[in-house]
Amino acid sequence: MELLGVLAAARRRGVISARERRLLLELVGACRARPGMVTGRNGGLTNRAAAGVVARRWGVAEVTIRRRAARAIGSLAGAGSRRELWPVPA
C-alpha cells in the first residue's frame, strides 16, 4: 500500500488528524527535496533538518514538529500492528 493510501485510511478511521496527515506529507516533501535528509529513525521524518524546514513554514519550533510527527507515526504504527488500516476501502 502506498503512503497516500495509508494516510487516507488512517484519516478516515480517526487514527490521525487532518493536521497530522498534512504534517507527515510536508515532512516527506522536505526529505524528498534533499535526499541526504533521509537518515535516522522514522525514515528520516523526525530528523532535525526536515523538521526545521517544516517548522519554519508552520511558525513553530523544530522540536514541536519532531514531537508531533513522532506521535503521528506512533499512532500509525499502533493501528498497523492492530490491523486497523486493512482492508482499505476504495
In this structure, CD of E2 is separated from CG of L7 (nearest 0.5 Å) by 10.0 Å

For A61, the side-chain contact (heavy atoms from CB on, under 4.5 Å) test, sequence neighbours excluded, returns V63, T64

Tell me every residue that passes side-chain contact (heavy atoms from CB on, under 4.5 Å) with R56, counting only those two or more places apart in sequence or in another chain.
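With sequence neighbours excluded, R56 shows a side-chain contact (heavy atoms from CB on, under 4.5 Å) to V53, given in chain and number order.
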
Below 3.5 Å, can you tabulate the donor-acceptor pairs from side chains in residues 21-30 to any protein atom, sequence neighbours excluded?
| from | atom 1 | to | atom 2 | distance (Å) |
| --- | --- | --- | --- | --- |
| E26 | OE1 | R57 | NH1 | 3.3 |
| E26 | OE1 | W58 | NE1 | 3.0 |
| E26 | OE2 | W58 | NE1 | 3.1 |

Do you know the tightest heavy-atom contact between [X] and [Y]?
| X | Y | result |
| --- | --- | --- |
| R66 | A51 | CG-CB, 3.3 Å |
| V15 | S75 | CG1-O, 3.5 Å |
| E62 | G52 | CG-N, 3.9 Å |
| A72 | E20 | CB-CB, 4.0 Å |

Sequence neighbours excluded, the answer for side chain to side chain donor-acceptor pair (under 3.5 Å) partners of R68 is none

